[in-house]
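To start, the structure under review is shown below, and the notes come after it.
Remember, it's 1-based here, ligands and their atoms both numbered in the order they're listed. Worth knowing before you read on, the calculation uses all heavy atoms, side chains too, and leaves out hydrogens, waters and symmetry mates. Numbers here are sequence positions counted from 1.
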Amino acid sequence: MQKMTVSLVPSGLTSGASTLRGRNFLEVTDFTAGELERLLQLSQYLKVQGRGEQRTLLRDRTLAMLFEKPSLRTRVSFEVAMTQLGGDVLFAQGAEFMVGTRETPEDAARVLSRYVDAIVVRTHAHEPLQRFAHAATVPVVNALSARAHPCQALSDMLTLRERFGGIAGLRVAYIGDARNNVATSFAEAAVLLGATVQFGCPPTHRPSESYLAKLDALGSRSGGSARAFTNAVRAVRGVDVVYTDVWTSMGEERYRERNDAMLRPYAVTEELFGYAQESAVFMHCLPAHRGEETVAGVIDGPRSIVFDQAENRMHAQKALLVGLLTELKGLPV
Ligand code: CP
C-alpha cells in the first residue's frame, strides 16, 4: 500500500497558537485538538529531517525516565529520541522508583525537578502520578498509567495521518477491552481530531454511557464521535481501521481468566478483519499475543501497520519533548 503525501505545514496552525512549553502530558485531553495537530505536524517534520540537524535542539537538557513497569518501545523510543536531540537521559526502574512508596509523590517530584528538565513516568495508579505532576516544576509525561497512554495515542495519530493524509472523517473500530488505557487515549485523540470510533466489546468491557457522551463532546467541534457495539462484526463493518490490544493489561493479571473468556469472541481474526474496508489497516500498540486478541494472518499481513506505529513512537515523542522544553524557534509550527 502506498503512503499518502502529508503536508508538513498545514495552513491555519502556525499563528496564534498556545505554547506547550513547561506543560504536563498526562492525558490526551491535556492538549487541544489544535495543539495535537501541531505536534503531529512537528513529528512529521522531525521524522524526515536529517538527524544531524536535530543534534542541538535539546542540548544540555536531561530527561529522567522512571518506570514502575516493564517497557520495550516506550523506554527505548524516549531514550533514542532524547539522545538524537542532543540531550541526556537517566533511567530508574522498579524499587529505585515507585511513586509514593519511599516518600510522597510531591516530595519526589520537588527533588527531581531540581535535577532534571523533564520527567517521564510509567506507573500503576493514575492518581499518584497526578499528585507528582502537580508538585513538579518541570514537565511530566505519562508513559502509561492505569488510566491513559497518551504517548501511544500520539504515535497512533501520526501513523494514521501518514497513512490516510488526515484523521477527520475516518471510521475506526477498537475491538476488545474498550476500557483500557490504550483504548481510552486512542479514542480521545481520534474523536478530538474528527474520527468516528466504534468500540466492539462485551458489556463487561464497555465504556460507560457517560464516557461515550464525553467522547462525543470532545469530538463536537471536529465531527468526531463514539459508539459501542456488543457485536464485533457491527463494530468492524465498513471501517477504515481496526485496532486491538492485549486482553489483560499490565497490573490486571488477576482478571486474565475472566478476560480470556469474555473477549475470545472479539479476537481480530482474518474473518472479522474481512468485514472492514478492503483498504482498511490493522493497528496494535504491541506487545501482541498471536492466537489471542489477533492472529498471525492479520498482524503479520500486508495491511498491518503495527511497526509503523512502533517506529512513530520515537518521532512523536521527539516532537513532544521539543514542544515541552523549547519555544519551537526555527521549527515550522
Ligand atoms: N506500546 C508500548 O507502550 O510498549 P511498551 O510497553 O513496550 O513500552
Cut-off 3.5 Å, side chains only: do E162 and N312 have a donor facing an acceptor?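 N312 and E162 do have a side-chain donor-acceptor pair below 3.5 Å.
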Residues Q317 and S77: side-chain donor-acceptor under 3.5 angstrom: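 Yes, a side-chain donor-acceptor pair sits under 3.5 Å.
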Note the single closest protein heavy atom to atom 3 (O) of ligand 1, along with its residue, its atom name and the distance in Å.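 Answer for atom 3 (O) of ligand 1: H149 NE2, 2.8 Å.
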Protein residue, atom and distance nearest to atom 7 (O) of ligand 1, heavy-atom basis: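 Residue, atom and distance for the closest contact: L72 N, 2.7 Å.
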Tell me which one of M250, R73, R75 gets a heavy atom nearest to atom 4 (O) of ligand 1.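 Looking at heavy atoms only, R73 sits closest to atom 4 (O) of ligand 1.
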Determine the minimum heavy-atom distance between H284 and Q309, stating which atoms define it.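 Heavy atoms of H284 and Q309 come nearest at N-OE1, 2.8 Å.
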Below 4.0 Å from any atom of ligand 1, is there a heavy atom belonging to R313?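 Judged by the 4.0 Å heavy-atom criterion, R313 does count as contacting ligand 1.
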Counting heavy atoms only, which part of R122 comes closer than 4.0 Å to ligand 1: side chain, backbone, both or neither?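 It is the side chain that touches ligand 1; the backbone stays farther off.
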Using a 4.0 Å heavy-atom cut-off, which part of L286 comes near ligand 1: side chain, backbone, both, or neither?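 Backbone only.
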R303 to F273, cation-pi by 6.0 Å centre distance and 45° axis angle: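 Verdict for F273: a cation-pi partner in R303.
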Can you confirm whether more than 12 heavy atoms, excluding those of E271, are under 6.0 Å from its CD atom?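 Not more than 12 within 6.0 Å, no.
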Return the orientation label for the F31 and F25 ring planes: parallel under 30°, perpendicular over 60°, tilted otherwise.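 F31 and F25: parallel rings.
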Does an N or O anywhere in C285 fall below 3.5 Å from an N or O of ligand 1?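 Yes, there is a polar N/O contact under 3.5 Å.
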Going by the atom numbers of ligand 1, which of them fall below 4.0 Å from some non-hydrogen atom of T74?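 The atoms of ligand 1 under 4.0 Å from a heavy atom of T74 are 2 (C), 3 (O), 5 (P), 8 (O).
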